[in-house]
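All heavy atoms count here, side chains included; hydrogens, waters and symmetry mates do not.
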Amino acid sequence: MNTLSHHEEAYISITKNLRELDIRGSAVPSDLVLIGDHAFPLAMNTQGQVLMAASLFGRGRIVVLGHESYLTTFPALVENALVWLRGHGSENLRVGIHQSCKAVADNLGRSAFQAQVLGAFGPDPGVGVYVVDAYSVAPDVKSLVEFLKGGGGLLMAGQAWSWTEQNPKKNTLQAFPGNMVSSVAGIYFSEHRGEVHHLPVYPQIPSSWLSVVIGKDFKDDLEFLLRDVSEFDIRGGQVPSEVLVHGPLSFPIGTNSDGQAFLAGAYYGQGRVIVVTHEGFMGRQELAPFWKNALRWLDDGRNGVFGIQPGLGDALFSQAGVNRKKSEFSKELSVYVCTAYSDKHAEEIQEFVAEGGGLLVGGHAWYWAQRHPNEHVMKDCPANHVLNKMGLSLLGTTMKVGCYKAPDPDRAFKDDYHFRHMLRRLAGHMTQGEELKAHELAGLKKLTSHCTNYLHMKAHHCPSYTQVLSALTEILMKSGLPKVSESCPVKTPQEHLLLSLWPEVYKVSPYPDALLPYLIKDNPAMSVFYDYRIPINVNTAAGNEWISTGLYLSPGMKTYMAIPAPIVNKGWHVQVGCQTDRLCEEKLKRAPCVHECFPVTSEMMQVFNMWGGLLYLVAPPKTKVEGALVMVQVAVPAPYYKSGVTTPAEWALMRKSPAPWAELEFDNIIFTVPSDAIRALERPHDVAALWDNILSGIADLSAIPHKLPRKERFVADVQISHGWMHAGYPIMMCSSTAPELVNPESSGRKGLWGFLHELGHNQQRFCWEFGPHTTECTCNLWSVYVNEEVLGVPRAQAHPSLKPEHRVSRIEQYVKEGRDLQRWSVWVALETYLQLQEVFGWGALKKVFAAYHDMTGVPKDNKGKMNLYTKTFSVAVEKNLCAFFKAWGWPIEGATEEELSKLPAWADHPMARYE
């Protein structure tokens with residue numbers, strides 16, 4: 001990443017031996033707008049305006065100067081440009097110079113170039129480079145574009161602001177003569193005057209947050225597109241993605257109430273693009289007026305043929321009266337209409353649009369994102385291989401649909417969100433103290449998400465990407481990293497943004513080590529292991545499985561890992577950090593995301609995490625590996641105890657290891673806690689014995705083998721995504737509860753209701769769950785069982801809600817309110833199961849759970865599942881339980897009653913007294 005790109009090499013070549021460019025004087029240049037993957041600035045003023053630029057198109061090269069006088073006032077720059085434009089290996093020293101630029105020929109008299117003044121370019125002038133002003137290209141546009149595409153070099157100079165003043169009703173971006181050629185390479189002369197002063201020539205391509213701008217106001221485009229359109233009705237079953245509008249010449253057209261765009265347009269070269277984020281919207285009758293306008297806008301007066309990808313409906317195109325045909329992509333079309341699900345012909349389509357074609361793309365990316373969880377939409381989704389260059393990208397997020405008001409062209413981007421406008425406003429706020437308006441502050445969360453997605457492109461070859469990355473880096477370095485902790489939470493949108501974006505910028509920065517002083521103020525030196533070997537022996541069942549290494553990387557620390565070939569490109573990952581919750585809270589006690597995950601795609605890989613963290617290998621499901629060895633170049637030892645492996649003597653030393661996080665791995669469970677919680681723990685085997693018994697109890701009630709298919713994990717964190725604890729892999733808990741896990745004496749006396757509750761959640765199964773009623777109910781069966789059967793804590797003591805008087809009161813209130821299933825949840829619903837257990841014993845519940853293990857054809861609706869549960873439990877206890885469940889308000893069907901009528905009725909059930 002740190003090697004020079006082609007663009008950087010080109011910049012160095014063009015600015016060779018130049019230290020400054022004094023553009024002060026009477027010549028007022030145009031500000032240049034740059035788009036695409038190849039256009040980059042050569043000269044930029046203090047306002048971020050680009051006054052000189054270069055780019056590539058096809059096999060050719062182009063340099064554009066913002067005023068024609070620069071062709072003679074900077075002869076050294078011109079000669080450097082001609083050398084670069086000629087290209088490496090070309091022996092053609094002939095330079096064609098349009099007669100309007102004759103003075104350039106005079107300046108080249110002593111150079112190696114052979115200058116030839118031409119009245120016009122002609123079909124085959126035989127030159128390697130051509131010099132022309134921006135006003136004289138009109139007769140030769142097609143020839144010049146073909147010359148450039150075929151490998152020629154083009155030096156063009158001029159300004160467009162005076163032309164715009166003389167042609168106020170024309171679209172400067174496409175009608176100004178110079179733009180008819182330069183725009184195919186992503187460089188546009190704009191109608192804006194450039195400020196002139198003394199410009200230093202920087203050693204690298206110049207950049208500034210001020211250069212992150214919108215290149216057009218799009219008022220005229222929106223007026224055209226929204227004629228007779230007052231709203232966008234996208235209600236129905238079609239689920240769209242969001243489109244990220246990130247280019248200087250791209251703009252949102254339709255947005256929902258959250259400001260997410262589902263419809264957007266862009267200029268690209270001489271052509272135009274529209275993206276709609278579900279192909280079904282192209283056939284909606286409610287959108288017919290818009291499509292009529294859109295098709296005309298894309299055709300741009302050519303009255304050409306519209307090629308519609310086979311499989312797409314064309315009823316609305318018929319109503320619009322356009323000349324259409326079913327067709328795969330062809331350069332002979334005027335407009336190509338296609339879906340977003342292929343990158344076939346990507347480069348040809350980009351070239352087609354750059355040279356003046358229209359493109360209409362319909363489709364979403366959320367389904368692709370679901371099917372490719374280890375890839376990133378911005379970089380890897382096929383549609384974005386076509387669209388990214390055009391300043392539009394499909395995101396993997398879905399968006400809510402509805403009927404949304406069309407934007408007001410007069411207010412476009414004054415109050416509405418645009419990625420570049422918001423990024424520039426943020427930079428001004430963070431670096432210059434400019435005030436943000438209320439709606440702009442509200443938009444910072446969305447900007448954070450969009451910046452994160454944008455950075456994931458990792459398009460370091462693309463100057464527009466590096467300009468945005470540079471702007472973000474400038475913002476972050478100026479602002480610093482907010483201090484955040486339990487005692488010092490962050491609350492403002494600005495601080496949220498900084499906490500989220502710092503690691504994203506750090507990950508993609510070409511010079512991440514230079515950012516560390518701005519990030520890490522207190523990073524004490526720790527002892528390390530070198531060339532540490534980790535044996536890999538796994539046999540995974542369902543779900544990914546973390547393999548603890550006992551190693552820790554401090555913040556910003558990088559290490560190399562040697563990976564055995566059998567696990568490369570097999571779905572394995574390396575994870576740095578154990579806290580995997582992503583936080584969305586208004587008050588943050590830590591950054592929203594503090595872990596990193598790296599796919600194992602090579603035998604040698606580098607891993608790191610700006611925040612630091614414990615080091616894991618993550619094995620995919622259904623994987624068996626024995627005897628493999630992973631070697632870690634350098635890492636910090638962490639306190640790590642493993643039952644049956646770590647000896648008391650080893651633990652006496654290991655618990656003093658410097659890492660701030662520790663792990664205790666037992667037969668069926670692993671605890672990740674702050675190291676302070678275990679520094680004084682001398683007998684971890686006592687903790688192991690307690691939790692081995694608890695997990696055996698969990699398995700007993702679930703009617704599964706005592707050796708769990710995957711060890712449960714508890715991970716402590718200063719803040720989690722929801723609740724005081726939550727289930728999953730891992731089970732997350734707040735750090736303050738960690739000492740309770742490793743204190744067997746206290747646990748035996750007080751019980752461990754909350755921890756058991758979450759372990760119970762992980763045992764719940766859809767087939768016998770009746771969400772949302774039992775979501776927070778049936779998990780408590782494991783809390784009751786383990787407390788009573790393992791810890792010896794009666795249910796009435798295990799939780800205050802299970803005191804007899806509370807239980808009776810709840811039942812009576814439920815009956816009094818009409819046995820409404822909407823109120824049958826949590827503690828009320830738990831009574832149903834406890835009444836069954838208290839009569840039939842835990843064995844009955846075990847039999848029921850066991851019966852479901854191999855059951856197939858389970859209904860998906862609650863009513864069907866409740867009837868199945870009634871039958872399953874009745875068979876298990878050999879009694880007809882219909883009356884009991886009906887007394888609880890369950891929707892027991894006649895067919896169920898008929899099927900169970902052969903069993904003895906349970907007439908004296910606990911609810912009979914309430915009949």
> Is a side-chain N or O of S735 found less than 3.5 angstrom from the main chain of V718, in a donor-acceptor match?
Replying inline: yes

>> Under the rule for side chain to side chain contact (heavy atoms under 4.5 Å, CB included), what residues qualify as partners of V618, not counting sequence neighbours?
In response: N544, W546, H573, Q575

> What pair of heavy atoms forms the shortest contact from L583 to S721, and how long is it?
Replying inline: CD2-N, 3.6 Å

> Which pair of non-hydrogen atoms, one from A354 and one from V184, has the smallest distance, and what is that distance?
Replying inline: O-CG1, 3.3 Å

>> Under the criterion side-chain contact (heavy atoms from CB on, under 4.5 Å), I'd like the reasoning laid out for L360 against M282: C-alpha separation, chi angles, the key distance, then a yes or no.
In response: CA-CA 10 Å; L360 172 56; M282 291 193 289; 3.8 Å; yes

> Looking at residues at least two apart in the chain, or sitting in another chain, which of them share a side-chain hydrogen bond (donor to acceptor under 3.5 Å, both in side chains) with H246?
Replying inline: S393

>> Does atom NZ (K521) have a neighbourhood of more than 12 heavy atoms from anything else shown, all under 6.0 Å?
In response: yes

>> Please enumerate all residues that pass side-chain hydrogen bond (donor to acceptor under 3.5 Å, both in side chains) together with K219, with sequence neighbours excluded.
In response: E223, D410

>> Can you confirm whether more than 12 heavy atoms, excluding those of Q606, are under 6.0 Å from its CD atom?
In response: yes

> side-chain hydrogen bond (donor to acceptor under 3.5 Å, both in side chains) with S190: which residues, sequence neighbours excluded?
Replying inline: none

> Who passes salt bridge (charged side-chain N to carboxylate O under 4.0 Å, His left out) against K558, sequence neighbours left out?
Replying inline: D513

> Side chain of H418, backbone of S250: donor and acceptor closer than 3.5 Å?
Replying inline: yes

> When the ring planes of F281 and H278 are compared, do they come out parallel, tilted or perpendicular, using 30° and 60° as the limits?
Replying inline: tilted

>> Under the rule for side chain to side chain contact (heavy atoms under 4.5 Å, CB included), what residues qualify as partners of A471, not counting sequence neighbours?
In response: W209, V212

>> If you compare all heavy atoms of A39 against all heavy atoms of P463, which two are closest, and at what distance to 0.1 Å?
In response: O-CB, 3.2 Å

>> When you measure from the side chain of Q350 to the backbone of V386, do you find a donor-acceptor pair of N or O atoms at a distance under 3.5 Å?
In response: yes

> Would a distance-only check, ignoring hydrogens and angles, find a side-chain to backbone donor-acceptor pair under 3.5 Å from K389 to H385?
Replying inline: no

>> Show me the pairs that pass side-chain hydrogen bond (donor to acceptor under 3.5 Å, both in side chains) and involve residues 445-454, at least two apart or across chains.
In response: E242-H450, Y417-H450

> How far apart are the C-alpha atoms of H376 and M457, what are their side-chain angles, what is the distance that settles it, and do they pass the side-chain contact (heavy atoms from CB on, under 4.5 Å) test?
Replying inline: CA-CA 8 Å; H376 199 277; M457 281 197 293; over 6 Å; no

> Taking K507 as the fixed residue, which of K458, M610, E596 is the one that meets the side-chain contact (heavy atoms from CB on, under 4.5 Å) rule?
Replying inline: E596

> Does the gap between the ring centers of Y202 and Y11 come in under 6.0 Å?
Replying inline: no

> In chain order, what residues pass the side chain to side chain contact (heavy atoms under 4.5 Å, CB included) check against A591, with sequence neighbours excluded?
Replying inline: L499, V594, W611

> Closest approach of L392 and N384, non-hydrogen atoms and distance?
Replying inline: O-OD1, 4.5 Å

> So, the side chain of D31 versus the backbone of Q49: is there a donor-acceptor pair under 3.5 Å, distance only?
Replying inline: no

> Would you find more than 12 non-hydrogen atoms of other residues, nucleotides or ligands less than 6.0 Å from Q370 atom CD?
Replying inline: yes

>> Test your reading of the model: is there a side-chain donor-acceptor pair from R424 to the backbone of L210, 3.5 Å cut-off?
In response: yes

> What pairs with N171 under side-chain hydrogen bond (donor to acceptor under 3.5 Å, both in side chains), at least two apart in sequence or on another chain?
Replying inline: Y267

>> We want to know whether H429 and E440 form a side-chain donor-acceptor pair, criterion being a heavy-atom distance below 3.5 angstrom.
In response: no

>> As an exercise, state the distance from CD of Q719 to CE of M732, rounded to the nearest 0.5 Å.
In response: 10.5 Å

> Going from CD1 on I349 to CG on L359, what distance comes out if it is rounded to the nearest 0.5 angstrom?
Replying inline: 6.0 Å

> Would you call the rings of W502 and Y518 parallel, tilted or perpendicular if under 30° counts as parallel and over 60° as perpendicular?
Replying inline: parallel

>> Between S30 and F189 (side chain of the first, backbone of the second, donor and acceptor by atom type, cut-off under 3.5 Å), is there such a pair?
In response: no

>> Quiz question: by atom type and distance under 3.5 Å, do the side chains of E586 and H496 form a donor-acceptor pair?
In response: no

>> Between S183 and Q270, is there a side-chain donor-acceptor contact under 3.5 Å, judged purely by atom types and distance?
In response: yes

>> Can you tell me how far apart CZ (R582) and OG1 (T580) are? Round to the nearest 0.5 Å.
In response: 9.0 Å

>> Going by salt bridge (charged side-chain N to carboxylate O under 4.0 Å, His left out), name the residues that satisfy it together with D717, two or more places apart in sequence or in a different chain.
In response: R590

> Between the main-chain N or O of G259 and the side-chain N or O of N256, is there a donor-acceptor pair closer than 3.5 Å?
Replying inline: yes

> Considering the options T255, I253, T277, which one meets the side-chain contact (heavy atoms from CB on, under 4.5 Å) requirement together with L263?
Replying inline: I253

>> The criterion is side chain to side chain contact (heavy atoms under 4.5 Å, CB included); which residues satisfy it with A43, sequence neighbours excluded?
In response: L21, M52, L199

> Sequence neighbours excluded, which residues qualify as salt bridge (charged side-chain N to carboxylate O under 4.0 Å, His left out) partners of K589?
Replying inline: none

> Any donor-acceptor pair under 3.5 Å linking the side chain of N45 with the backbone of E195?
Replying inline: yes

> How close do P41 and V50 get, heavy atom to heavy atom, and via which atoms?
Replying inline: CB-CG1, 3.8 Å

> Just by distance, do the side chain of S554 and the backbone of M557 share a donor-acceptor pair under 3.5 Å?
Replying inline: no

